[in-house]
Participant: 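The structure's right below; bear with me while I get my questions together.
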There are 2 protein chains.
Amino acid sequence: MGEVVKMTEAVSVSDATLRSFMGYHVKRAMSVLQADLNATLKPFGLRMVTYSALVMIVDNPGMRQTQLADALAIERPNLVVILDQLEERGLISRDKVPTDRRAYALNPTEQGRALCAEATDANRADEDRLLAGLSKEQRAAVIAAMNLIEQGGEA
Amino acid sequence: MGEVVKMTEAVSVSDATLRSFMGYHVKRAMSVLQADLNATLKPFGLRMVTYSALVMIVDNPGMRQTQLADALAIERPNLVVILDQLEERGLISRDKVPTDRRAYALNPTEQGRALCAEATDANRADEDRLLAGLSKEQRAAVIAAMNLIEQGGEA
DNA sequence: TATTGTTATACTCTATAACTATA
DNA sequence: TATAGTTATAGAGTATAACAATA
């Protein structure tokens, strides 16, 4: 350990270098978005992942677990626990596929559809509040930029 | 704009509902940005967090651990391990503060400053590549939007 | 042999309580 | 009492190998 060099008091901290990096800002924004989203979803007994999985199953009834894992960009083993939770709560069912006895067809229950619709409305309202300072065009521009970044990673 | 995420067989999966949510896109973009950034930092023996901490210390020599934790929005206990790594590699030092014997002043070493500059250059080049499809104005607009989201979370 | 869903496991990241030594 | 740094720990999130049943 060193000797005495410097001291800081009630001083402002400069993030001059980091501020010019996109990753820095996206990480911080993501942190807020995720916390906000999870708080909104909590009354429904859902988290960001479980909600995303439920939405996908409602939008694509009959899909298989491997498809869902690919679509959500998560690993198959990690999806199992998520689906267990949704199934235990009676929001989805794993139905046997007659043409392939290894696979399950994922389907939403009536309750699952209803909860999904409510959660989606709550979510929409929450994001509208959070993004109130942005015009529809600005919002679309940000989403386009995010998509571009996502594509760039594959190249 | 396509709604198709992936083709596992002859079947397309629709993410129509999720596509309209900002959180969905920011999460996916963040995943790419972080993977990309960490790959760029690997040759320097740094990760995203250790790099961020190093940059902050270089930009704000003498700052204390509590200040740094606040600035990076991470918990104090988690910062300890990060600083341990930077200190073991001789990139920073924890120097005693004469006016407060509880605290340490964080300072970069010469080696730390040098590595920080190299890593920052590599980072800049990497982000320029990833964001090549965006004009400077578009980039600034995205960063402004991210800042707005970050502020909104506090309200 | 390859694939579907599963189990077990491990590694990172993050969050909280409580300790020590100072203030 | 309160604060700075630390320790221990627990919870998410994420990644890989390997297994049983089936293709």
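Numbers restart at 1 for each chain; the letters A, B, ... are given by sequence-line order, proteins then strands. Computed over heavy atoms, backbone and side chain alike; hydrogens, waters and symmetry mates excluded.
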Participant: Which of residues 81-88 of chain A have a heavy atom under 4.0 Å from DNA chain D?
Facilitator: none

Participant: Tell me every residue that passes salt bridge (Lys or Arg N to Asp or Glu O under 4.0 Å) with B:R89, counting only those two or more places apart in sequence or in another chain.
Facilitator: none

Participant: Who passes salt bridge (Lys or Arg N to Asp or Glu O under 4.0 Å) against A:D126, sequence neighbours left out?
Facilitator: A:R129

Participant: Whole Å only: how far is the CG atom of B:N38 from the C1' atom of D:dA15?
Facilitator: 15 Å

Participant: Rounded to the nearest Å, what distance is computed from the CD atom of residue A:Q65 to the C1' atom of nucleotide C:dG5?
Facilitator: 6 Å

Participant: Salt bridge (charged side-chain N to carboxylate O under 4.0 Å, His left out): which pairs involve residues 18-35 of chain A, sequence neighbours left out?
Facilitator: A:D15-A:R19, A:R28-B:E150

Participant: For the pair made of CE in B:M30 and C1' in C:dC13, what is the distance, rounded to whole Å?
Facilitator: 12 Å

Participant: Calculate the interatomic distance between B:R47 atom CZ and C:dC13 atom C1'; express it in whole Å.
Facilitator: 9 Å

Participant: Please, which pairs that meet side-chain hydrogen bond (donor to acceptor under 3.5 Å, both in side chains) have at least one residue in residues 107-118 of chain A, sequence neighbours excluded?
Facilitator: A:D95-A:N107

Participant: Could you tell me how far apart A:R64 (CZ) and D:dT22 (P) are, to the nearest whole angstrom?
Facilitator: 15 Å

Participant: Ignoring the backbone of A:V49, work out which of D:dG13, C:dT6, D:dT6 is nearest its side chain.
Facilitator: D:dG13

Participant: Sequence neighbours excluded, which residues qualify as side-chain contact (heavy atoms from CB on, under 4.5 Å) partners of B:A122?
Facilitator: B:T40, B:F44

Participant: Might you confirm whether atom CZ of B:F21 has over 12 heavy atoms from other residues, nucleotides or ligands at distances under 6.0 Å?
Facilitator: yes

Participant: Rounded off to whole Å, could you give me the CD-to-P distance for the A:Q34 and C:dA15 pair?
Facilitator: 10 Å

Participant: Between the protein and nucleotides 16-23 of chain C, which nitrogen or oxygen pairs come in under 3.5 angstrom?
Facilitator:
residue	atom	partner	partner atom	Å
C:dA23	OP1	B:R101	N	2.8

Participant: Please tabulate, for the side chains in residues 69-79 of chain B, all donor-acceptor contacts under 3.5 angstrom to protein atoms that are two or more places apart in sequence or on a different chain.
Facilitator:
none

Participant: Could you tell me which residues satisfy side-chain contact (heavy atoms from CB on, under 4.5 Å) with A:D128, sequence neighbours excluded, listed by chain and number?
Facilitator: A:R124, A:R139

Participant: Write down the distance between CD1 (B:I74) and P (D:dT6), rounded to a whole number of angstrom.
Facilitator: 13 Å

Participant: Please determine whether a side-chain nitrogen or oxygen atom of B:T66 lies at a distance below 4.0 Å from atom OP1 or OP2 of D:dG5.
Facilitator: yes

Participant: Quickly work out the B:L72 CG to C:dT14 P distance and round it to whole Å.
Facilitator: 11 Å

